[in-house]
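Side-chain atoms are counted along with the backbone in the values below, which use heavy atoms only and exclude waters and symmetry mates. Letters A, B, ... mirror the listed sequences (proteins, then strands); counts begin at 1.
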2 protein chains.
Amino acid sequence: MLPPLRRARILELLRKDQVATLKDMSIALSVSMSTLRRDVDYLCESGQLERTHGGAMLNQERRNAVELEPAIATELESGAKRAIGYRAAKLILPGQTVIFDSGSTTAAVARAAQERRVPFTAVTNDLSIAGTLSATPIIRVLVVGGFVRTGTATLLGPGLISAVGRLRADLVFLGTHALTADELSDTSVELADLKRAFVQAGEQAIAVVDSSKVFSRAFCSFARTRDLDRVITDDRIAPDDLDALRSRVAVDLVPEAE
Amino acid sequence: MLPPLRRARILELLRKDQVATLKDMSIALSVSMSTLRRDVDYLCESGQLERTHGGAMLNQERRNAVELEPAIATELESGAKRAIGYRAAKLILPGQTVIFDSGSTTAAVARAAQERRVPFTAVTNDLSIAGTLSATPIIRVLVVGGFVRTGTATLLGPGLISAVGRLRADLVFLGTHALTADELSDTSVELADLKRAFVQAGEQAIAVVDSSKVFSRAFCSFARTRDLDRVITDDRIAPDDLDALRSRVAVDLVPEAE
DNA sequence: TTTTTCTTCCAAAAGATTTCAAAATGCTCC
DNA sequence: GGAGCATTTTGAAATCTTTTGGAAGAAAAA
């Protein structure tokens with residue numbers, strides 16, 4: 001495994017559990033203690049985490065950060081996302097109209113959908129999803145116009161919500177920055193408004209969320225879990241959280257297996 | 001395999017996984033480690049990717065950007081297109097609004113514009129151009145919505161022309177499928193309608209055309225050369241054709257040199 | 001004390017450089 | 001067109017560098 005990837009994995013582990021022992025991490029990544037120690041020292045030097053005896057914890061600032069560090073966030077799509085995408089894509093029936101919200105998890109759904117070779121019409125505000133889906137001629141792709149949100153490949157803008165308001169779709173795949181038992185939330189008002197419009201436009205709303213986002217809360221709420229038709233997430237969600245969620249909405253648990 | 005193609009394939013591999021080992025890539029492309037190493041070094045020099053021990057990862061900027069095929073385009077793009085793009089991009093003044101028509105030559109303009117680090121607002125119906133331009137935060141990118149035209153990354157659709165009709169821009173960069181002394185033409189009615197709307201919307205219309213398209217004629221005419229403000233093309237255009245063109249419109253001849 | 005973790009050092013392994021010869025390509029001249 | 005020569009590109013070997021994993025002793029926690 002390449003050093004930068006390994007270091008990204010370390011941060012990923014820490015983000016999940018806040019703290020971890022060096023021994024656990026060396027086992028999880030199957031590298032020697034020496035190597036892991038060197039990596040942790042390096043990340044500590046560069047200010048990404050703090051050391052403790054026998055382990056490490058996330059840097060204070062980094063812990064509360066709403067936006068993930070882009071360098072790490074994009075680091076190698078996790079198996080979880082791929083599995084979620086695969087499961088979600090199965091819900092698409094030939095001829096349907098499907099809205100793809102922006103985001104990396106919905107992008108995974110798009111990738112899986114594109115591989116299924118089922119004809120359908122897609123609607124999206126995500127350039128990267130549009131690119132993925134348009135690789136297959138049998139999928140019609142409608143891109144709703146708008147300004148590109150820097151950093152992501154997301155389109156946003158004034159006319160967008162009214163444009164979406166005129167649409168009717170069979171399915172909506174929603175990504176979210178955070179999910180609690182009660183609600184889905186995201187980081188910006190604009191984004192939340194659009195997602196709300198997406199939910200309105202679709203017959204069925206399906207949230208696709210990897211478990212790292214479960215039970216965190218972001219700035220703007222945009223939907224109640226009760227109003228969703230389904231949540232698809234991976235099996236690393238905590239059992240308590242799962243129960244709380246299941247009392248509100250149908251949950252599909254996808255094993256992360258490769 | 002030709003070197004530029006090989007390099008394009010390397011970028012393609014990286015786009016899929018973000019990081020890759022040199023060994024894996026040399027196997028995937030079935031070239032020797034030496035050659036692969038040289039290619040990766042070259043791509044690193046030209047700022048397209050970052051090296052790590054034993055492997056490579058995508059450039060930070062490139063990682064978040066939408067990647068349809070621009071990576072390949074960059075590698076395979078003819079010197080002529082690159083030169084035309086470079087010259088055309090110089091026309092953009094800070095703060096202007098610029099329409100980018102779809103196409104590979106206008107994509108070259110976008111690439112050059114993105115590298116200039118001048119702030120401006122771009123309007124385009126080309127996903128690939130949107131992806132290129134949005135890599136730089138100082139460029140505002142408006143994507144006009146529509147259906148993706150399969151095969152290309154072009155957006156087309158009913159609402160599009162009226163949406164463009166409401167826009168005012170300082171500059172329009174037009175691509176064209178064919179150019180004669182009198183007119184510019186393209187292959188589909190829809191595309192021609194949109195291009196006509198682009199010309200209307202812009203203060204100045206500039207056609208960017210590589211010389212292989214000069215003096216051929218396509219199905220649908222969409223503009224007269226007299227109505228253009230400028231044509232930028234490369235110096236492989238035949239002298240007679242150049243004269244005929246120059247009697248109608250200002251022509252910038254760009255040497256193809258590297 | 002006993003156990004665990006941390007440092008330091010070393011050797012093996014993997015990767016990077018350098019160098020070189022063969023192959024491919026381009027060019028001139030016939 | 002093709003022969004001959006120069007240039008570039010490629011793959012492989014030798015050598016050097018970095019990284020890795022382990023071991024021994026020091027330091028810290030239990």
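Here D:dT20 presents its C1' atom at 12 Å from CZ of A:R7, a figure rounded to the nearest Å. Distance B:L2 CG to C:dT25 C1': 11 Å, rounded to the nearest Å. Remark: P of D:dG11 and CE of B:M1 are 10 Å apart, rounded to the nearest angstrom. Summarising the geometry, the separation between CG on A:D39 and P on D:dT18 is reported as 17 Å, rounded to the nearest angstrom. One atom, CG of A:D41, and another, P of D:dT20, lie 13 Å apart when rounded to the nearest Å. For B:M33 and C:dA16, the CE to P distance is 7 Å, given to the nearest whole Å. With rounding to whole Å, A:L36 atom CG is found 16 Å from C:dT7 atom C1'. Rounded to an integer number of Å, the gap from CG of B:L22 to C1' of C:dA14 is 11 Å.
Residue contacts shown for A:T21 are absent, as no nucleic acid heavy atom lies under 4.0 Å away. Among the heavy atoms of the strands lying under 4.0 Å from A:T52 are primed sugar atoms or P, OP1, OP2 only; no base atom is included.
Residue A:K23 places its side chain closer to C:dT5 than to any other of C:dG15, D:dA12, C:dT5.
Contact check, B:S32 against D:dG11: a side-chain N or O comes under 4.0 Å of OP1 or OP2. Side-chain nitrogen and oxygen atoms of B:R51 include at least one within less than 4.0 Å of the OP1 or OP2 phosphate oxygen of C:dA16.
The base of D:dG11 has none of its N or O atoms less than 3.5 Å from a complementary donor or acceptor on the side chain of B:R37. At a cut-off of 3.5 angstrom, counting only N and O atoms as typed in the model, there is a donor on one side and an acceptor on the other between the side-chain of B:S34 and the base of D:dA12.
Donor-acceptor pairing under 3.5 Å is recorded for the side chains of B:K81 and B:S104. With no hydrogens or angles considered, no side-chain donor-acceptor pair links B:T132 and B:Q114 at under 3.5 Å.
Environment of OH in A:Y86: sparse, with no more than 12 heavy atoms of neighbouring residues, nucleotides or ligands closer than 6.0 Å.
The shortest heavy-atom contact between B:A88 and B:V208 is CB-CG1, 3.9 Å.
Screening A:T233, A:V214, A:D210 for a side chain to side chain contact (heavy atoms under 4.5 Å, CB included) involving A:L179 leaves a single residue, A:V214.
Residues A:R6 and A:H53 each lie close to DNA chain D; by heavy-atom proximity, the contact nearer the 5' end of the strand is made by A:R6.
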